[in-house]
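Numbers here are sequence positions counted from 1.
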Amino acid sequence: MTKLFFPFLMVSCLVLCSSCSKQDKVGDLLSKMTLDEKCGQLSCPIGFGLYGKEGDSIWLDDSFIKAMDTMPLGSCWAVLRADPWSQKTVETGLKPSQSAHLLNEMQRYAIENTRLGIPLLFCEETPHGHMAVGTTVFPTGIGQASTWNPELLEEMGEVMGKELRLQGAQVGYGPVLDIARDPRWSRVEETMGEDPYLAGTLGAAVVKGMQKNVVSTLKHLAAYGVPQGGHNAAAAEVGPNHLMSEYLPAFEMAISEGGAQSVMTSYNAVDGVPCSANVWLLQEILRESWQFKGVVFADLNAINAMYATHHVAADPVEAAALALKAGVDIDLGAYSYGGFLKEALQRGLVTEAEIDRAVRHVLQLKYDLGLFDNPYVDEHLAEQNVGSAKNALLAKQVALESAVLLKNDGILPFGETVKKVAVIGPNADNMYNQLGDYTSPQEPERIVTILEGICEKGRAEVVYAKGCSVRDESDADIELAVKTAQSADAVVLVVGGSSARDFKTSYEATGAAQVNASLSDMECGEGYDRCSLDLLGKQNELMERIFATGKPTVVVYVEGRPLDMNLAAEKADALLTLWYPGMEGGSALADILWGDYNPAGRLPISIPRHLGQIPVYYSQPNCSDYVEGSSKPLYPFGYGLSFTEFEYGDLQISENHDNADSLFVVSCSVKNIGNCDGDEVVQLYVRDEVASVTPPSKLLKGFRRIHIQEGETVSVPFVLSERDLSVYSTEKGWHYEPGEFTFMVGASSDRLISK
């Protein structure tokens with residue numbers, strides 16, 4: 001291995017054809033490129049093996065130098081990634097200043113040691129913070145969506161993008177806008193729930209924030225969140241009407257309203273066509289209808305999957321050709337374009353003009369980012385600003401606003417009589433179990449577990465017992481947990497799931513964890529699909545035994561997907577879900593328990609009563625009950641409680657046919673009739689009573705999270721355009737059909753007043 005050590009000298013970037021416009025520069029540069037150089041620009045290999053590190057010494061690996069000397073790369077993915085798959089720990093991974101130094105040197109090598117000096121794109125995972133050592137860890141996507149607060153998520157996106165850019169990268173993979181309607185699926189935690197309008201509004205906000213500093217890559221196009229059987233990457237049984245009206249609008253909103261400059265195709269097939277080979281999706285819809293001008297990535301090894309998994313290509317060469325012709329610009333993993341695109345050209349499966357089209361998109365993005373003029377970053381700024389205390393405070397605010405109170409019989413907030421609290425459960429003091437998938441290894445002092453947050457609150461004496469693990473039944477000590485509960489005035493019982501990868505887990509070539517029989521807590525996260533939603537291990541037994549003590553009990557679910565909550569809903573005195581609340585989850589929960597923060601999170605996904613209901617989502621046509629029980633979810637979309645109460649009234653609807661952007665104005669009054677100030681999430685739903693295609697039972701078309709003081713009444717207006725009331729059909733596309741509509745406002749999808 002060759003060790004090349006570099007000084008911290010900043011040099012100016014080669015500027016090509018500086019007197020030309022950006023478009024002229026792209027064309028001029030493209031005309032000078034060889035076929036190998038073009039294929040290299042379309043290749044994005046895994047990056048965490050492209051460097052070496054020993055102590056404070058960092059060097060470029062021979063594999064990087066060889067690649068740049070033979071087929072210069074256009075981009076690299078996950079150079080800074082740290083997790084069990086990459087085998088990077090807190091010690092062997094890179095601190096923020098080291099990350100900035102390494103990417104500067106990789107950039108310098110590309111500019112100074114290749115024929116044309118084209119700068120690199122560095123792409124990193126940013127679903128809930130940059131997946132690298134020392135960065136800020138926010139709640140996962142399903143928790144972000146529970147805030148119903150686009151302004152807050154735009155601020156979060158800006159921080160994520162800034163931390164990424166300070167370390168030298170320019171592309172962040174996220175947000176995940178798959179519409180999730182099967183909680184068995186392992187990646188529900190990454191999504192923003194079951195509704196396209198909510199996901200699109202919040203996703204656009206994250207994109208706006210991120211793109212103040214970097215390019216945001218939307219994941220995953222398309223219908224990835226409704227796989228057959230809940231199996232990750234399985235085919236989606238979705239027709240064109242449903243695809244356009246339910247599974248694509250969030251992406252369109254993030255592009256049209258958020259300005260997203262990049263998208264990623266998904267592994268699955270829709271109606272038998274792999275998404276990375278779907279000309280209709282990537283050309284007619286994305287490029288032509290949505291006027292998307294950015295770059296399209298294929299997910300890791302998704303191109304080769306068309307040969308190896310989908311069997312729509314006879315060999316990897318045909319797979320590469322299918323992807324390029326469909327409109328995929330960059331091959332994540334670099335296996336297909338780097339290895340087989342030249343042969344595809346030689347066989348006549350693609351044209352050089354089609355290769356040039358993709359290269360032009362990549363070069364244009366690099367010019368738009370200013371990389372030809374300013375490719376380097378200040379390494380000292382990364383050390384000072386990445387993972388700062390200020391950013392941790394924002395992570396706490398997102399955690400606070402994401403917490404959903406599902407039940408409260410009056411135990412919360414804790415009063416003066418609660419002098420001793422028993423904190424019990426497998427997720428009470430396990431930092432990785434509250435962080436979610438796509439999280440890097442952490443220094444323990446940066447993470448506040450629930451036990452730590454309650455102890456640091458200092459409002460009561462705290463005793464602790466784990467009771468059991470999420471999955472492992474061998475280390476349970478339920479008797480100790482019962483004794484601990486009996487000694488306290490109240491119990492906080494923390495159960496749920498985990499997406500915590502460990503270094504014993506094996507991984508697919510795509511980085512997804514392989515399901516195994518190890519005693520890891522992991523039961524969620526990419527690759528960990530479920531065939532039930534039961535709490536695993538001895539968690540239900542632990543819960544029953546704690547309830548039997550008669551002690552007032554607050555049950556807290558820390559989870560990545562909706563899990564079975566029937567027992568807790570029946571017997572707990574209070575019930576919350578925090579999802580995976582991130583690095584400040586413990587301090588956020590402590591504030592809620594003692595009433596220093598009034599929760600107002602709302603569910604972005606329905607919580608089923610039992611597995612047989614799936615799929616169960618709020619916009620389904622009304623269904624009759626089952627023989628064995630209700631067809632309604634245990635807790636519906638949009639649901640969440642507060643420490644105060646709100647009263648809705650005075651629903652008003654006015655028409656405005658003179659302005660297509662304001663067809664109707666819907667308003668209502670909301671009064672805080674409780675005993676404290678609080679936030680309310682006011683939700684507007686619309687039902688099209690008669691349409692040319694079967695209409696949903698109702699659709700979310702507006703929401704506002706507002707703070708209302710005790711006794712205050714506020715008027716909340718919503719403006720609806722023709723597009724808000726339009727339907728999609730394959731014959732007419734999106735179109736408005738005048739007729740009868742019902743407008744509904746309220747606190748959740750099942751608590752509404754209407755007109």
Side-chain angles (χ1 to χ4, degrees), residues 145 148 150 179 181 192-204 241-250 252-253 256-257 602-606 616-623 632-633 636-639 648-670 680-706 715-729 732-755:
W148 292 59
I179 303 305
R181 291 177 173 172
M192 292 192 170
E194 70 183 45
D195 179 71
Y197 182 85
L198 179 67
T201 302
L202 298 179
N241 284 345
H242 280 118
L243 183 67
M244 286 296 298
S245 60
E246 299 188 41
Y247 300 105
L248 293 184
E252 183 180 5
M253 291 173 70
S256 63
E257 299 176 18
R602 300 293 183 261
L603 291 176
I605 188 170
S606 303
V616 57
Y617 52 95
Y618 83 94
S619 57
Q620 286 174 304
N622 292 324
C623 302
K632 304 295 184 185
F637 175 83
Y639 180 82
Y648 284 74
D650 195 26
L651 177 58
Q652 300 289 333
I653 303 167
S654 60
E655 298 184 51
N656 183 357
H657 294 295
D658 297 329
N659 185 349
D661 293 327
S662 180
L663 188 60
F664 291 97
V665 177
V666 180
S667 65
C668 68
S669 65
V670 184
E680 172 67 328
V681 178
V682 184
Q683 302 165 40
L684 168 67
Y685 297 84
V686 177
R687 178 168 59 247
D688 191 344
E689 297 295 347
V690 178
S692 58
V693 294
T694 303
S697 62
K698 61 176 78 76
L699 280 176
L700 182 72
K701 290 298 181 180
F703 64 89
R704 288 183 61 190
R705 181 167 178 149
I706 54 176
S715 178
V716 184
F718 297 97
V719 176
L720 293 173
S721 67
E722 280 194 4
R723 177 59 188 266
D724 293 322
L725 302 179
S726 293
V727 297
Y728 181 87
S729 69
K732 296 182 179 180
W734 284 104
H735 62 286
Y736 171 63
E737 296 177 349
E740 183 180 352
F741 297 89
T742 299
F743 300 91
M744 298 159 277
V745 294
S748 75
S749 61
D750 73 339
R751 293 190 295 167
L752 301 164
I753 61 174
S754 63
K755 179 180 287 189

F741 vs Y736 aromatic rings, parallel, tilted or perpendicular, using cut-offs 30° and 60°? parallel
[X] side, atom [atom1]; [Y] side, atom [atom2] - distance, nearest 0.5 Å:
| X | Y | atom1 | atom2 | answer |
| --- | --- | --- | --- | --- |
| N656 | L720 | CG | CG | 11.5 Å |
| Y617 | D195 | OH | CG | 11.5 Å |
| L603 | W148 | CG | CH2 | 9.0 Å |
| E737 | S726 | CD | OG | 8.5 Å |
| C623 | K632 | SG | NZ | 7.5 Å |
| R602 | L198 | CZ | CG | 12.5 Å |

Could you walk me through whether E722 and S662 satisfy the side-chain contact (heavy atoms from CB on, under 4.5 Å) test, starting with their C-alpha distance in whole Å, then the side-chain angles of each, then the deciding distance to 0.1 Å, before giving a yes or no? CA-CA 8 Å; E722 280 194 4; S662 180; over 6 Å; no
Side chain [X], main chain [Y], donor-acceptor under 3.5 Å:
| X | Y | answer |
| --- | --- | --- |
| E246 | L243 | no |
| E194 | S606 | yes |
| E655 | F664 | no |
| S245 | Y728 | no |
| K701 | L725 | no |

Show your reasoning for whether side-chain contact (heavy atoms from CB on, under 4.5 Å) applies to K698 and F743. CA-CA 9 Å; K698 61 176 78 76; F743 300 91; over 6 Å; no
Donor-acceptor side-chain pairing of E689 and T742 below 3.5 angstrom: yes
With no hydrogens and no angle check, do the side chains of S748 and Q683 hold a donor and an acceptor under 3.5 Å apart? no
Taking side chain to side chain contact (heavy atoms under 4.5 Å, CB included) as the criterion, tell me which of S667, S715, C668 meets it with Q652. S667
Heavy-atom closest pair, residues [X] and [Y]:
| X | Y | value |
| --- | --- | --- |
| V693 | S729 | CG1-CB, 4.0 Å |
| M244 | W734 | O-CZ2, 3.5 Å |
| I179 | P196 | CD1-CA, 3.7 Å |
| R687 | S697 | CD-O, 2.9 Å |
| M744 | V686 | CE-C, 3.9 Å |
| V719 | D724 | O-OD2, 3.9 Å |

Report the C-alpha distance between F637 and L700 in whole Å, list the side-chain angles of each, state the deciding distance to 0.1 Å, and finish with yes or no for side-chain contact (heavy atoms from CB on, under 4.5 Å). CA-CA 10 Å; F637 175 83; L700 182 72; 4.1 Å; yes
Is the shortest side-chain heavy-atom distance between [X] and [Y] below 4.5 Å?
| X | Y | answer |
| --- | --- | --- |
| V665 | S654 | yes |
| I653 | F718 | no |
| R751 | Y639 | yes |

Applying side-chain contact (heavy atoms from CB on, under 4.5 Å), run through L248 and E252 and close with a yes or a no. CA-CA 6 Å; L248 293 184; E252 183 180 5; 6.0 Å; no
Looking at Y618 versus Y685, is the centre-to-centre ring distance below 6.0 Å? yes
Any carboxylate oxygen within less than 4.0 angstrom of a Lys/Arg side-chain nitrogen, looking at R705 and E680? no
